[in-house]
**Student:** 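A single structure is presented below for examination.
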Amino acid sequence: MLTSESSVLKILLVDDSASHRMVLAAELDAMGHDTVEADCAEDALRLYKLERPDIVLMDVEMPGHNGHWAAHQIRLSDPEAWTPIIFLSGLARDDDLAAGIDAGGDDYLFKPVSPVVLQAKLRAMQRLRALSQQLLTLTDQLRASNADLQELSLRDPLTGLTNRRGLDIRLDEELRAARREKLPLTVLLLDVDNFKLYNDTAGHLQGDDCLRRIGQLLAGTCRRPRDLAARFGGEEFVILLPGTSHSGAMLFAKALRRTVHQLALPHPAHGGERCVTISGGISTAVPDGNSTIESLLSRADAALYTAKSLGRDRFFC
Ligand code: GH3
Ligand code: MG
Ligand code: MG
Ligand code: MG
Ligand code: MG
């Protein structure tokens with residue numbers, strides 16, 4: 001997009017000479033631009049921050065700090081954005097020009113500058129500035145979509161719960177925190193009972209719907225900020241309860257079982273007479289140096305296996 005070439009620019013004009021400023025400001029005004037004037041390097045920096053100009057025209061030699069200093073400070077104050085700085089100076093040796101560019105200038109013109117040259121240079125800088133702004137916008141969009149992708153990669157699309165990857169990350173964090181704070185960590189591994197039969201009778205789509213509703217229910221049981229409900233895989237879920245002891249976990253499981261009963265999702269295999277139930281294995285530990293995510297999960301898995309063997313619709317620890 002190079003169409004903004006002829007738009008009105010806000011130009012910060014820096015020169016300690018009032019007569020130079022007057023001449024240049026009149027020329028810029030004739031070109032249709034708005035000018036903000038500074039008569040020293042310190043004021044240039046202040047006005048730059050206040051006015052956010054599109055382009056800076058900078059004298060080099062000034063009492064106090066010089067134009068090089070002001071250009072350097074402007075670059076430091078605004079590392080993300082790029083505002084063109086053109087030096088206009090009576091110091092007209094090649095080395096002066098090179099020093100100006102090294103100080104952060106984007107161009108360097110020798111005084112006196114003809115209005116035609118100045119106008120052409122402003123157009124060139126405007127073109128570059130438009131490109132740099134496009135780049136900034138693209139970078140912002142890229143950052144945002146990266147964040148979206150990151151979020152998506154940790155979420156289970158069917159239930160909207162945290163997926164296995166997200167669970168692994170949180171489990172790792174919570175295990176470290178529990179070790180550090182010497183607090184218990186409870187893991188519940190939950191499995192929908194006779195779910196293959198559910199699918200076989202009602203079909204996979206209705207099975208998906210059942211998993212979605214169980215997922216919602218589990219998410220609703222997590223009341224504390226650090227509690228987490230996740231889809232472990234298939235019809236298996238995990239609930240993570242940081243800071244919850246064995247007795248707290250038992251109370252939680254009892255309430256959860258009651259909530260599933262209250263949801264009363266008919267199980268199609270029994271002609272709708274019986275409802276969907278879940279079984280769970282509970283593992284609670286105050287983790288020490290030997291505790292691992294695997295050890296916590298495998299204890300919960302063994303307990304789940306026992307819950308299933310004892311007849312399902314129950315929790316075991
Ligand atoms: P048990 O009470 O012992 O857990 O029996 P079960 O039938 O629930 O266990 P099994 O492991 O034999 O079957 C689990 C079923 O879950 C089989 C699989 O097709 C189904 N399943 C896994 N993921 C999904 C899914 O995303 N959607 C649907 N609809 N079904 C799924
Ligand atoms: Mg000067
Ligand atoms: Mg299973
Ligand atoms: Mg199974
Ligand atoms: Mg099952």
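As the structure lists them, so they are numbered: ligands from 1, and atoms in each ligand from 1. Remember, it's a predicted structure, so these values are computed and weren't measured experimentally.
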**Student:** What I want to know is whether L158 and ligand 1 share at least one N or O pair that is separated by under 3.5 angstrom.
**Tutor:**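 No, since none of the N or O atoms of L158 sits under 3.5 Å from an N or O of ligand 1.
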**Student:** Taking only heavy atoms of G207 into account, list the atoms of ligand 1 that are under 4.0 Å away from them.
**Tutor:** 29 (N)
**Student:** Taking the six-membered ring for Trp, are F87 and Y108 parallel (under 30°), tilted (30 to 60°) or perpendicular (over 60°)?
**Tutor:** tilted
**Student:** Got a sec: does the NE2 of H261 have more than 12 other heavy atoms crowding it under 6.0 Å?
**Tutor:**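 Result for NE2/H261: enclosed.
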**Student:** Is the Mg ion (ligand 5) less than 2.8 Å from at least one N/O/S atom of D191?
**Tutor:** yes
**Student:** Will you find, in the side chains of D193 and S279, an N or O donor that is under 3.5 Å from an N or O acceptor?
**Tutor:**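 On atom types as modelled, these side chains qualify, holding a pair under 3.5 Å.
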**Student:** Should one rank T277, N199, D313 by closest heavy-atom distance to atom 20 (C) of ligand 1, which comes out on top?
**Tutor:**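 Looking at heavy atoms only, the winner is N199.
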**Student:** Taking 2.8 Å as the cut-off, does K308 contribute an N, O or S atom near the Mg ion (ligand 5), distance below it?
**Tutor:**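 It does not: K308 brings no N, O or S atom closer than 2.8 Å to the Mg ion (ligand 5).
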**Student:** Counting only heavy atoms from other residues, nucleotides and ligands, does the tally under 6.0 Å from CG of D148 exceed 12?
**Tutor:** yes
**Student:** Enumerate the atoms of ligand 1 whose separation from the nearest heavy atom of R231 is less than 4.0 angstrom.
**Tutor:**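 Listed by number with element, the hits are 23 (N), 24 (C), 25 (C), 26 (O).
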**Student:** What part of D208 sits under 4.0 Å from ligand 1 if we count only heavy atoms: the side chain, the backbone, both or neither?
**Tutor:**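 Contact part for D208 vs ligand 1: both backbone and side chain.
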**Student:** Need the atom name: nearest N/O/S atom of E235 to the Mg ion (ligand 5).
**Tutor:**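 Looking only at N, O and S atoms of E235, the one nearest the Mg ion (ligand 5) is named OE2.
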**Student:** Check each heavy atom of L211 against ligand 1 and say whether those closer than 4.0 Å belong to the side chain, the backbone, both or neither.
**Tutor:** side chain
**Student:** To which of R212, E236, E235 does the heavy atom nearest atom 14 (C) of ligand 1 belong?
**Tutor:** E235
**Student:** May I have the list of side-chain donor-acceptor pairs in residues 163-171 shorter than 3.5 Å, sequence neighbours left out?
**Tutor:**
unit_1: N163; atom_1: OD1; unit_2: R165; atom_2: N; d: 3.1
unit_1: N163; atom_1: OD1; unit_2: G166; atom_2: N; d: 2.9
unit_1: N163; atom_1: ND2; unit_2: S153; atom_2: O; d: 3.0
unit_1: R165; atom_1: NH1; unit_2: S153; atom_2: OG; d: 3.3
unit_1: R170; atom_1: NH2; unit_2: E174; atom_2: OE2; d: 3.0
unit_1: R170; atom_1: NH2; unit_2: R226; atom_2: O; d: 2.6

**Student:** Which of the numbered atoms in ligand 1 are below 4.0 angstrom from a heavy atom of R312?
**Tutor:** 1 (P), 2 (O), 3 (O)
**Student:** Tell me whether E236 has at least one N, O or S atom under 2.8 Å from the Mg ion (ligand 5).
**Tutor:**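 So E236 does not bind the Mg ion (ligand 5) by this criterion.
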**Student:** Measuring only between side-chain heavy atoms, which start at C-beta, is R52 closer than 4.5 Å to D78?
**Tutor:** yes
**Student:** Quick one: list whatever passes side chain to side chain contact (heavy atoms under 4.5 Å, CB included) with K111, sequence neighbours left out.
**Tutor:**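 By the side chain to side chain contact (heavy atoms under 4.5 Å, CB included) rule, K111 matches D15, H20, D59, L88.
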**Student:** Hey, are the side chains of K254 and M250 touching, using non-hydrogen atoms and a 4.5 Å cut-off?
**Tutor:** no
